[in-house]
Every structure is written in structure tokens, then in C-alpha cells.
J.: 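Encoded as C-alpha cells, here's the structure I'll be asking about.
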Amino acid sequence: MIAATYTQGGAFAIAEVPVPSIGEGELLVKVEATSLCGTDVKITRHGHRRLKPGQTIILGHEFVGTITKAGSKVTNFAVGERVGVVPNIGCGFCEMCGRGLMNMCPDYSAFGINMDGSHTEYVRITEATMAQGNVIKLSKTVSFIAAALAEPLSCAVNGIRVAGVEQGDFVLIYGAGPMGLLNLMLALLSGASEVFVVDMNDERLEKARSLGASRTFNPKLGSVADWVMNESGKRGVNVVITAAPSPEIQAEALKLLAPFGRLCLFAGLPTGSPPTAIDTNAIHYKNLIVTGMTGGAPQDYRTALRLIEAGRVDLSQVISHVLPISEVAKAYDLALAGQGMKIVLASREAMA
Ligand SMILES: [Zn+2]
Ligand SMILES: [Zn+2]
């Protein structure tokens, strides 16, 4: 089967690899839809700290599929079932895992990070993946292509909760890429009265407006802080979510917040970035909360999936390309060139 692979130390390749064999407690899942993510692109360029030197993995962690084989000891899943898989598998023993927060486990493994992932045709699902509740059955009717985005949406579910978006809030989102737009959709569902969106790309800003952003701004035109103060009647916004990896944005965000505002650092900076200098007096005098988050827990994934299954979010709006899995090389060409929004690889059946 064709696969996008990465070898720690710097080699990205499209390769022919064998279909994995499974143990008696494991599943084989045929990939029906799998999206590309900034993390995949980052790994092809910089590797990942969870990979051992020389280790090769199949990339891809956002995926749904159909069970085509189940080991003899598997009791909770059956061949033919449609499933989504939460990619981060915790150690199972630590306090974070005990709280169901596998995304916070200091010793996690993850599909497409240090275990073989989904930018291929079949994925082996380990026993631990099932035992931790990371394999989630999909309804018979949900589109595989939409459900593939349950994983990135689960990160936005986590981010919006951490940011504490409340009814009537003014929310500002930096970045109108796929993650910014998913945050926009969820901020509106959470009762934000207005969502402001900032991005350097006018086409993306237009997309944000079509999805319900009430005010948008391109920082090429001037100061974001002046714009926010004008547009908010000098009060500032209640929540800022940074869905763009920039230290300047992180520092600027504090100026935009009203008293008791919350800043959620949604996008991380590349590993090894120097610390960002921020105005701690803004935090002090305005009584601000500065917080962050990474990934989503299995429970966030379930929440995301329920929103998708109920049609509360229109994910087709953030998908720019759907390609057959055989065109995985083209999908990476597009992603590495920074083109489009979400790129999804799908099986022939899912595309039909
Ligand atoms: Zn991702
Ligand atoms: Zn753990």
C-alpha cells in the first residue's frame, strides 16, 4: 500500500509499504478519510521529539475508517463497523491518563507521530488504543470526509472551553486558517455575540465572514489594537484566541482584551523558540487570564463528533481538497506549499 512516511533525522518519502498484520487483540482499519494537518508538515521539516533517531513512521493522525479485520480476542468491535480514532494514546498509568486527558500524558504515543498513522490505506489499531476509549464508533450516516475532521475540531472544543467563551462575549481570533475557522464556528455556537477575525489573507477573511465573523481585519492595513478599540466601542474583547504561531501576536493580544479578558494561546510556537516578552502589567491591572492548551482528549473528540453528526458545524467550508489516497504525494505537495485549507485523502467509497 502507498504511504507518506518520515524517518527521524530528516527524510520524508512516499513509499510502498506492506499492509500491517495484527495481533489477536488488535484491529485492522481501512482508512476511509484522513486529513493533513500543520503537524504533519512540521514533522516533515523538523521531525518530532517523540521519535527515536532513525525511526520511520507513516504520517497522519486525523482519520476515520472501517474495521476490516478484528483479532480473535477483540470483543467490543466487529468487522464492518465505522470508527474514528483519537490519535493520542496515553501511558494509562499517570494522573492525566486517570482523568481521561491522554493529550496531557507526559509519556504519550500517537498515530502519525511515533506510531504508524493514516496517510496510507490501512492502520493497525493496538489494544491500548481500544482499552483507553480512543476508538469511537461513528453513526451509519455521518460522512467519512466530515468525520475525519473530528480530531482537529476536538482541539477547538478544548480551546473554546479553556478560553471560557460565554454568552454575549466579543471573541477575537488571530488566523483564519482551518483551525481559526473551527474556533470561529465553536465560539458562535458557544454564544459569542460577535467574533472578530484577523488574518493577512483577504480570501480567508471573506471565508470567515461567510461563516459568521462579524468583523474582519487585515493587519497590512494598520494597527490591530486601534481597529479593535474602534470596533468595540473602546472596551476591547473578552476573549482572544491565537490560531497563528507568532510571538508578536501573543504579545499584542494582551492589548486587545477588556478587563477580566481571557487569552488562549491555541497555536504553539516552533520548539526552541525564544520566550515571548509580554506586558505582565496588562495582566495585573486588567485582571486577565492567560492560558493555553494542546490537542484534545477523547471526550473532546466525542463532543466534536456529536456536533458533526448533528450538523451543527459545516466542515465542508474548511475543506479545500478531497483527493484519493493514491494521490497522497500530491496532497503533501499542496500542504508543503501552504496551499488550500484542509486537504483530505479519501477512499473511493468515501468519495462516491
Ligand atoms: Zn492534527
Ligand atoms: Zn499517562
Side-chain angles (χ1 to χ4, degrees), residues 4 6 31 33-51 57-65 84-120 123 126-129 131-134 136 145-159 175 177-183 186 243-245 266-268 270-271 293-301 304-305 308 315 318-321 328 331-332 334-336 338 340-345:
Y6 176 77
V31 177
T34 178
S35 37
L36 276 71
C37 159
T39 301
D40 305 316
V41 171
K42 222 197 285 184
I43 292 172
T44 65
R45 292 191 174 131
H46 309 291
H48 198 281
R49 65 192 167 82
R50 305 280 321 159
L51 275 168
I57 47 116
I58 298 172
L59 292 161
H61 56 271
E62 304 175 354
F63 71 105
V64 293
V85 178
V86 187
N88 281 43
I89 317 304
C91 71
F93 298 96
C94 74
E95 183 184 346
M96 292 299 126
C97 286
R99 290 167 61 181
L101 303 173
M102 285 67 173
N103 56 318
M104 298 299 287
C105 173
D107 196 23
Y108 75 93
S109 298
F111 289 93
I113 306 281
N114 61 350
M115 296 160 65
D116 280 340
S118 59
H119 292 157
T120 185
V123 184
T126 60
E127 251 178 293
T129 310
Q132 290 185 13
N134 284 48
I136 294 164
I145 290 169
L149 269 61
E151 198 281 330
L153 187 63
S154 77
C155 302
V157 166
N158 188 9
M179 293 317 303
L181 296 181
L182 294 180
N183 274 291
L186 295 187
F266 185 89
T271 312
M293 41 64 66
T294 176
Q299 205 47 41
D300 299 321
Y301 188 101
L305 204 52
I308 296 168
L315 298 179
V318 301
I319 296 171
S320 58
H321 300 79
V328 58
Y332 270 85
L334 289 164
L336 289 165
M341 299 285 279
K342 255 335 206 186
I343 300 163
V344 180
L345 292 163

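Atoms within each ligand, like the ligands themselves, are counted from 1 in listed order. Worth knowing before you read on, the calculation uses all heavy atoms, side chains too, and leaves out hydrogens, waters and symmetry mates.
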J.: Suppose the cut-off is 2.8 Å; which protein N/O/S atoms would you list for the Zn ion (ligand 1)?
T.: C37 SG, H61 NE2, E62 OE2
J.: I need the SG(C94)-the Zn ion (ligand 2)-SG(C91) angle, rounded to 10 degrees.
T.: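 Vertex at the Zn ion (ligand 2): approximately 110°.
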J.: Report yes or no: does E151 contribute a side-chain atom to a donor-acceptor pair with the main-chain N or O of P87 at less than 3.5 Å?
T.: no
J.: Please check this pair: side chain of R45 against backbone of L336, looking for a donor-acceptor N/O pair closer than 3.5 Å.
T.: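 Side chain of R45 to backbone of L336, a donor-acceptor pair under 3.5 Å: yes, one is there.
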J.: Heavy-atom distance under 4.5 Å between the side chains of R50 and D107, does that happen here?
T.: yes
J.: Do the two ring centres, one from H48 and one from Y6, sit under 6.0 Å apart?
T.: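 Not close enough - the centres of the two rings lie 6.0 Å or further apart.
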J.: For the side chain of S35 and the backbone of I343, is there at least one donor-acceptor N/O pair under 3.5 Å apart?
T.: no
J.: Looking at N134, N88, V123, which hits side-chain contact (heavy atoms from CB on, under 4.5 Å) with T129?
T.: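 Only one option passes, and that is N134.
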